Every structure is written in structure tokens, then in C-alpha cells.
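Just so you know, these numbers use all the heavy atoms, side chains as well, and skip hydrogens, waters and symmetry mates. Owing to the predicted nature of the structure, the values given are computational and were not obtained by experimental measurement. Sequence lines set the chain letters: A, B, ... in the order given, protein chains first and strands last, and positions in each chain run from 1.
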Number of protein chains: 2
Amino acid sequence: MRRQAPTLEDVAREAGVSRATVSRVINGVRNVDPAIRETVRQAVSRTGYAPNQAARSLVTRRTGTVALVMSGAGDVSDEEQDAFAARALTDPFFGRVVSGVVRQLRPRSMHPVLMFAETAEARQEVVGYLRQGSADGALVVSTHADDPLPALLAGAGLPAVLFARPSRPVALSHVDLAHRDGGRLAAEHLLGRGCRRIVTVSGPLAVSASQERLAGFRDTMARHGHAYVPFVQGGFTVDSGMTAMTELLAEHPEADGVFAANDLMAQGICQVLRERGRRVPHDVAVVGFDDSSVAVACRPPLTTVRQPVEDMAAAMARLLAEHIRGARTEPASVVFDPELVVRESA
Amino acid sequence: MRRQAPTLEDVAREAGVSRATVSRVINGVRNVDPAIRETVRQAVSRTGYAPNQAARSLVTRRTGTVALVMSGAGDVSDEEQDAFAARALTDPFFGRVVSGVVRQLRPRSMHPVLMFAETAEARQEVVGYLRQGSADGALVVSTHADDPLPALLAGAGLPAVLFARPSRPVALSHVDLAHRDGGRLAAEHLLGRGCRRIVTVSGPLAVSASQERLAGFRDTMARHGHAYVPFVQGGFTVDSGMTAMTELLAEHPEADGVFAANDLMAQGICQVLRERGRRVPHDVAVVGFDDSSVAVACRPPLTTVRQPVEDMAAAMARLLAEHIRGARTEPASVVFDPELVVRESA
DNA sequence: CCGTCACGGGAGAGCGCTCTCCCTCCATGG
DNA sequence: CCATGGAGGGAGAGCGCTCTCCCGTGACGG
């Protein structure tokens, strides 16, 4: 079957009109006589015609594809490189990002190409991919504060939107959360519950979101008379949460409240607490961050600072679409507000 | 900057050679005089030339892009549709698939476009996407036994490779696990530990892998004198595992062993067991399936049937690449063997 | 009754590349 | 010394589309 796919020319011949007319019908531009339009439509379905995207892209300079880039640390060792994709995708956070992005892209008939930029080589590949016109723009989910990718993209004049504010200012639109407020919310809640010996497990400090959450948390604590809050740096994984909590418990066995910079770590923390015979929230209250799927799956369900990831991702996609079609030229910044979701853990 | 991207023509003029020669240098075909090659290379970097993929695809009929399709049930309601992507990506299983696929695709400079085919419309979009040459082929991770997508793809003569054997035979290559053997492994292990009152939580029976695991498990149990094994159908999620176990415990409080069709459910089962005061594995032994990231994160770490998902995904990508470049014309079938991984839960 | 204009359709010039021919040049052997 | 052939380079024909320009037609007003 279909030894040779039918072209516009074939359809035009079949319908007895010119190529231009068929093109008009297919793309719905300008008025075409209803009778002719119908004839063309029938010719299209009779021939089983499907427009060739490459030919189309060649002249429109648009592909309908965007790169969805999970951008990582500065550089990563070989064995880590393999795990990068798996780890990124295992985090419920990324699932939500993809979900939000896809929801916006679909009605625009755009499609995301998944890319990972964890090494200098991979970053060059992303830039090259865009420069050769394989994708119209990039959505970058950058975890590392000094990720070089945004600057590369901006330097090449490529349309891109970032998740998270870049540490060094760069001429790209971005979407972010008011992480500082999130930290404040967590502190106020723990304080409000009457917790007095509060500790915290931060995210990797190389991630600016971690720094902000921690800063907001500490500032609020300080304002309420807790000048010093013991903390340990975690890695945003369940495991790292467990390790961190074990460490904190060794030095501060009297702790009665803990703020974890994400839900995954909060889950690990709850686990360690339970193993040590501490009841959550009775003995120790735990506040997470994200309000991801694990927040409800966790025992007890987590009180957490909600980050509207899907909406943020959707905003990213919308911004990028605007940049691509030229409806927006100046970089924009959209900041979302966090929200405390009270469940059982605190 | 770059008002107009440089073309082959520009580079050729800059280097003082013909377009054809520049093309040869860039694609590394045929012999080119080393001196000229160097001149061209310099002209390329001086102009900052990047080949236009659309123009290239137009003539080569190849894009270097493959669709990575998460194909779902027959049809799905509107509210489920939104959640589909998020759910699919949250399951650690998909992360492993993507990781394996990307590892194979990268060295071939191919890229995956993420697509979700959970409705008839979405399936048509996938087929259309391939038909218009936006992608060279499809990798389909099909969960539902009677997923119509494989047949659509095969019918259109499009290169595609499936994860999981299709229920109705279809002329496409596929990669699968010997699920039946996996079920057998689980049964033998529980029996070997001395469990006598064994129950099981299956996956959704609409998924053929679930049926196979269950069948393998039951057959082995029957062969060892357990004609009937109480079972409840789960949904491959932590939640559904909890619900299922609660139900099973109500009717079979004396249970001393349980086989869960995946690790996520096994995790939920362990949680319920602990809440009910049953010690794992002392009172009840639990065997999971997959050996995903949660298997090690779970308390206690899960004894589970390992599915080499990354390798399977890599095999898929390799097969598809072969089909695309025409190195393979007949559909192939690659079946991997499961392996029991003994940890603490059983 | 003729000029004007809006509307619908066709012709054809590219978009930027690859790839098949063909041509030239030089090394080689009889 | 000339026929032969292989290697390296150039010319040019597309690939399948979009889009600008142009042309014919019929409605309308002066």
C-alpha cells in the first residue's frame, strides 16, 4: 500500500483545481467557493492525502514542535547521566509539568520533544536542535541555579520560557512560584500549632527554589524569636529525607516540628519518625512542599505548601506560544502564589 | 542578530566551493580533499551555519524524530483525560521506559516526541502525526489489552514497536516480558518460605500483563495443591493496593503471604499491613513486581520480580531504528525473562 | 453603458537541502 | 604516448508545500 504518498498536486488533479486552491481549503485561508471546497474535501479523503510537514515547515519556518528540556546541574558524571532521565521522570513534579504543558500544547497542535540537558554536550544538542529549526522554541525546567542553558538559548536568540527564575538575569520569559512566601506559610503554620523546637530539611542549596524556601522559612522563624533553626540539606528524594531526619534527630531529639522543602522528603521524614516511635503529628508535626501525589498517599496525609505546578506549566506553554508567533517580544515574568494545604501531618 | 540564518549557499560562497561540496563535508559522505574540507569547516563556523532540518527532511524523508506514545484504554472521560498524562508519568515504570529509550536514541541523534493516546481523537492525532512525516516511527507503550492503536498503525503501514504483546495479533514488532514466569517466580518464593494462606492483588485485568502474571501465579499455586487463591483486582497504584488489601484482610484475616502485581501496590499493602499490626515479613510476606524505585524505598524493602524495563525500552528503540532504516522488514518479537530479587519483605 | 472593485481562482517562484549525473584532472598501465 | 579509470568537484533537478502576484468575472454605482 501507499507506495508513494499522494501530494497536493495529486489532490489538485483529482479535484480538477490548482494546487493553491487545495492548499487554501486545507489551511482554511481566504474564501473558497463552498462547492469547490466540498469537491476538494472529497478528493482529499479519496486520495488519503496527508500534508507533508517537512515541506510545510520549509516555507512557514514553523514545525509545531517545542523542546521540553529537563535541565540539570552544571555537569554530571557518566553513570549519573543515565540515571538523570529516570530520576527526573520519577519525581511526581515532572509528571505534573508535562501534564500542564501538554494540556496547553494540544489545542495548538503543538508537540513536546523530551530532552535532557545534564551535560555541556547535551546542552549544545538542545541549542543545535532549535537552531536547525527542528523545534520552534524551548520550555526549560531548570533545577540548578547556575544552569548555563538559559544564557545559551537567550544568546542564540531562540524563543524559550523557563520554569524558575534564573539566578543571573537573562532575557527570557519565566514562570515561578513565590517560594519565599511558601517558606513563610510553613513556618507560620508550625508556629501556630505551638511547635517550639523546629528543624528543617532544605532542598539542594544549588537550587534557587531551595534557597528561597529556606530563606522565607528562616526569616519568619527569626521574626518570631527563633533566631536559629537547625537544618540539614537534602536532595529532594525520599532517601535523602530519611538520611537528613536521622541526622537531625541525633542532634535534636526533642524536635517537635519539621519543615521539608518537598513532599518526597517529608515522606521519608515521616517514615524515620515512625520508626523512631514518634507519632506524626502528635509528637512531631511535619510540613511538606509541593502538594504532589505523594502528599495524599503518605501516612499520615501531608500538610503541605501547594505549588500549582500544572498551572505554572500551562502558563509556560502559553507564553512560549506567544513568543513563537511573535505576539510577545519582551520577556515576561509570571509568579504564582503558594497556598497552605492542611491535612493530617501538621 | 542573525536576521536571516545562513544557508548552504552562503557557506559555499564563503568557502569558494559549490553547495554540493559543503553538503558532502557536513554529512561526511564521499571523499573530499582534506584541504577543501578544512576550508569548508572554517566557513561553517565563521558563518555559524546550522543545516535546516525541514529542507533536509523534505528530501531524505527522515526527521530523526520518533513518537513515544503512552497509549491508554479504549476511551476515557474528559476529567480522566487531563489526569492521564500525570498519572502515566508519575508511575516509576514510565520513567524507566523513557530512560531506556533515550539512551538508545541519543547516539542515533533521534528524539522522542511525547504523545498520549487515551481517546479515539488522540489516536488519530498520533497516526496523522506519523503520516504527515513529523516522526519516522512510533514506540507504543500500551497498557490496555484491546488498545486499537497498534492496529491503526499497522494498517497505515507505519513503523512502530510495541511494549507488551498485543492481544490480537498485529504485524508490528514488540518487546515483552515473560509475565507468566514472573507470576511463577513469586508463587514459588512464597511457597518456599512456608506461606500457606496466600492471597494476591492483581493488576487491572484489562491489561494483558496483569492476566499473565495472575495466570502464572495461579497455575503454580494450583500445581502445589492450592486450587484456589483469593484475589482482588487492583489498579497498579498505591491507593488501589491499600484498598485491595483492606478488602482481602477482611475476608482472609489469616493470610500469611501476598503477591502484588506491581511494587506500587505492594507498597500500599505493606502500609495497610503495618496499620493492622501485622509485621512484614514475619506475619505476612509480601512479593511485588517490577523492581522499580519504590521497591528499595519501601519499608521493608520489597522482595520483587524484576522486570528489566530499561533494557526492554532500549530494545524497542533499537528495533524501531532498524525498521525505520529498512534494516528489518519482518516484525520481530523480543521477550525478556523476569528475575526474582529477594530483599526483606518476603 | 462603462469604470471600479471585491472576490475567487491559477501560475509560478521560491523555501534549503540532497543526490544523481556529468565533467575534469591526474595517475596508471600497456 | 595514449587509452583508461578512479577520484573529486560542480551543475541542476527536484522534494512538497506556501504565498504573492495576477487575472477573469460579475455586481454595482455614477
>> I'd like to know if the side chain of B:Ser173 pairs up with that of B:His323 as donor and acceptor (distance under 3.5 Å, no hydrogens or angles considered).
In response: yes
> Mind checking which nucleotides bracket the chain A contacts on DNA chain D, 5' to 3', with an atom under 4.0 Å from a heavy atom?
Replying inline: D:dG16 to D:dC21
>> Taking salt bridge (charged side-chain N to carboxylate O under 4.0 Å, His left out) as the cut-off, I'd like each qualifying pair that reaches into residues 148-164 of chain B, sequence neighbours left out, listed once.
In response: none
Can you list the residues that meet the side chain to side chain contact (heavy atoms under 4.5 Å, CB included) rule with [X], with sequence neighbours excluded?
| X | value |
| --- | --- |
| B:Ala50 | A:Arg131 |
| B:Ala12 | B:Val22 |
| B:Val335 | B:Ala178, B:Ser333 |
| A:Asp136 | A:Arg62, A:Thr63, A:Ile324 |

Kindly list each side-chain donor-acceptor pair under 3.5 angstrom involving residues 32-43 of chain B, sequence neighbours excluded, with atom names and distances?
residue: B:Asp33; atom: OD1; partner: B:Ala35; partner atom: N; Å: 2.9
residue: B:Thr39; atom: OG1; partner: B:Ala35; partner atom: O; Å: 2.8

>> Please give me every residue in residues 17-27 of chain A whose heavy atoms get under 4.0 Å of an atom in DNA chain C, ordered by residue number.
In response: A:Val17, A:Ser18, A:Arg19, A:Ala20, A:Thr21, A:Arg24
> With sequence neighbours left out, what residues match B:His174 under ring pair (Phe, Tyr, Trp, His ring centres under 6.0 Å)?
Replying inline: none
>> According to salt bridge (charged side-chain N to carboxylate O under 4.0 Å, His left out), who are the partners of B:Arg108, at least two apart in sequence or on a separate chain?
In response: none
> Taking atom C1' of C:dC25 as reference, at what distance in whole Å does atom CG of B:Asn31 sit?
Replying inline: 16 Å
> Atom CD1 of A:Ile36 and atom C1' of C:dC7: how far apart are they, to the nearest Å?
Replying inline: 12 Å
> Which residue pairs pass the ring-ring contact (aromatic ring centres under 6.0 Å, His included) test with at least one member in residues 116-142 of chain B, sequence neighbours excluded?
Replying inline: A:His111-B:Tyr129
> Per the end-axis method with five pairs at each terminus, what is the bend angle of the helix from C:dC1-D:dG30 to C:dG30-D:dC1, to 10°?
Replying inline: 50°
